[in-house]
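Both ligands and their constituent atoms are indexed starting at 1 by order of listing.
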Amino acid sequence: MKLSPDHRQALRDVLTWRRDVRHFKTDPIDAERLDRLRAAMDLAPSVGNARPWRVMQVQNPDKRAAIIADFEAANDEAASKYSGTKRDSYMALKLAGLREAPVHLAVFTEHEPDAGHGLGRQTMPEMLAYSTVAAIHTLWLAARADNIGMGWVSILNPASVHGILDAPATWSLTAYLCLGIAQDDNDTPLLHRKEWQENSPTRWRTV
Ligand SMILES: Cc1cc2nc3c(=O)[nH]c(=O)nc-3n(C[C@H](O)[C@H](O)[C@H](O)COP(=O)(O)O)c2cc1C
């Protein structure tokens, strides 16, 4: 299939308007839209075609509450590493939409997948986790194309999340994701807008 300039522009729009979302509406996401997102992850690349991502949709209120408590503890700990005005700035940031987001996805990497037969990861075993990240980014773009916002929450203790969700021993947590309808759209990252860290161009050189 030869893609047209319209496709290129459509992709450009998705890339431009994809944001890490922390401010969600509480409206539910229907099963059909979630299925579309799952199907998008099916299209992601992976080392040796191992497809090591494992997704747990977290709906149980007790488990969600435990995840939120873990985030708050980890966030307080992170804040304590800063001092003065930087600490005040950090504390003023909203770094997760866990309470409002209707959909929580814990995305793990299976470190002993049968699929792929080890191809491509003998010297760089981290390729499995990188493959999971590729699937997560595929999900992120597919969600945005479906007008669903997604936020990546990394301020968590992975061992705690692993325990709360009773994940298998061969899995490690790669991401905890919040999905839902964004309260607003923006073409500029929140951390840039809040003057925490401005966007800079990709560093690229020819050698
Ligand atoms: C690996 C990874 C982990 C992240 N963890 C968090 C997080 O814990 N909390 C948060 O608010 N944003 C998190 N983000 C979002 C980044 O802050 C965001 O991508 C960046 O500021 C650029 O904004 P944009 O995604 O809207 O372009 C994470 C993003 C990535 C790729």
Side-chain angles (χ1 to χ4, degrees), residues 11-25 37 40-41 44-46 52-55 58 64 66-82 86-109 126-162 164-165 171-203:
L11 177 59
R12 179 84 203 167
D13 289 343
V14 172
L15 294 170
T16 301
W17 292 94
R18 179 211 56 80
R19 289 279 66 78
D20 184 89
V21 176
R22 295 87 152 177
H23 298 86
F24 293 98
K25 298 180 182 174
L37 299 188
M41 290 183 97
S46 62
W53 48 91
R54 305 288 181 265
V55 182
V58 183
R64 280 195 183 213
I67 297 284
I68 290 169
D70 188 68
F71 165 78
E72 285 172 352
N75 201 35
D76 286 349
E77 175 70 21
S80 74
K81 308 284 186 214
Y82 300 100
K86 201 66 181 167
R87 184 174 183 174
D88 295 342
S89 305
Y90 181 90
M91 296 292 282
L93 295 170
K94 180 169 166 60
L95 295 173
L98 290 160
R99 289 186 188 279
E100 309 81 26
V103 177
H104 284 200
L105 301 180
V107 186
F108 294 87
T109 299
E126 62 272 28
M127 291 301 144
L128 284 172
Y130 293 176
S131 300
T132 302
V133 173
I136 291 165
H137 196 238
T138 302
L139 169 67
W140 213 338
L141 298 180
R144 186 60 190 86
D146 218 323
N147 292 307
I148 295 169
M150 185 177 111
W152 187 321
V153 187
S154 55
I155 306 165
L156 290 164
N157 294 292
S160 309
V161 176
H162 200 276
I164 291 164
L165 300 178
W171 295 12
S172 68
L173 183 72
T174 302
Y176 197 91
L177 306 173
C178 293
L179 289 102
I181 306 301
Q183 281 185 11
D184 46 43
D185 292 334
N186 210 290
D187 63 357
T188 307
L190 187 63
L191 292 188
H192 181 106
R193 281 180 278 144
K194 295 285 182 187
E195 299 180 349
W196 176 269
Q197 176 61 61
E198 69 176 29
N199 257 24
S200 55
T202 298
R203 294 176 200 186

K.L.:
Checking contacts now, so for atom 22 (C) of ligand 1, which I'm interested in, is there any protein heavy atom under 4.0 Å?
P.N.:
yes
K.L.:
As an exercise, identify every atom of ligand 1 less than 4.0 angstrom from a heavy atom of I155.
P.N.:
8 (O)
K.L.:
To check your reading of the model: name the closest protein heavy atom to atom 9 (N) of ligand 1, its residue, and the distance in Å.
P.N.:
L95 O, 2.8 Å
K.L.:
So do the side chains of F108 and T132 get within less than 4.5 Å of each other, counting heavy atoms only?
P.N.:
no
K.L.:
Quick one: which ligand 1 atoms are inside 4.0 Å of a heavy atom on R19?
P.N.:
24 (P), 26 (O), 27 (O)
K.L.:
Specify the protein heavy atom at minimum distance from atom 4 (C) of ligand 1: its residue, its atom name, and the distance to 0.1 Å.
P.N.:
S154 OG, 3.6 Å
K.L.:
In the protein, what heavy atom is nearest to atom 11 (O) of ligand 1, and what distance, to one decimal place, separates them?
P.N.:
R22 NE, 2.7 Å
K.L.:
For atom 19 (O) of ligand 1, what's the nearest protein heavy-atom neighbour? Residue, atom name and distance, please.
P.N.:
D20 CB, 4.0 Å
K.L.:
Quick check on R18 - does any of its heavy atoms sit under 4.0 Å from an atom of ligand 1?
P.N.:
yes
K.L.:
Can the ring centres of Y82 and W196 be said to be less than 6.0 Å apart?
P.N.:
yes
K.L.:
Measure the CG-CG distance between L177 and L37 for me, rounded to the nearest 0.5 Å.
P.N.:
11.0 Å
K.L.:
Is the closest basic N to carboxylate O distance between R22 and D20 below 4.0 Å?
P.N.:
yes
K.L.:
Taking the basic N atoms (NZ, or NE/NH1/NH2) and the acidic carboxylate oxygens, is any pair closer than 4.0 Å for D185 and R144?
P.N.:
yes
K.L.:
Atom 6 (C) of ligand 1: which protein heavy atom is closest, and how many Å away?
P.N.:
W152 O, 2.8 Å
K.L.:
Does a salt bridge link E72 with R99, judged by any charged N lying under 4.0 Å from a carboxylate O?
P.N.:
yes
K.L.:
Apply side chain to side chain donor-acceptor pair (under 3.5 Å) to D187 and T16, showing your working.
P.N.:
CA-CA 6 Å; D187 63 357; T16 301; over 6 Å; no
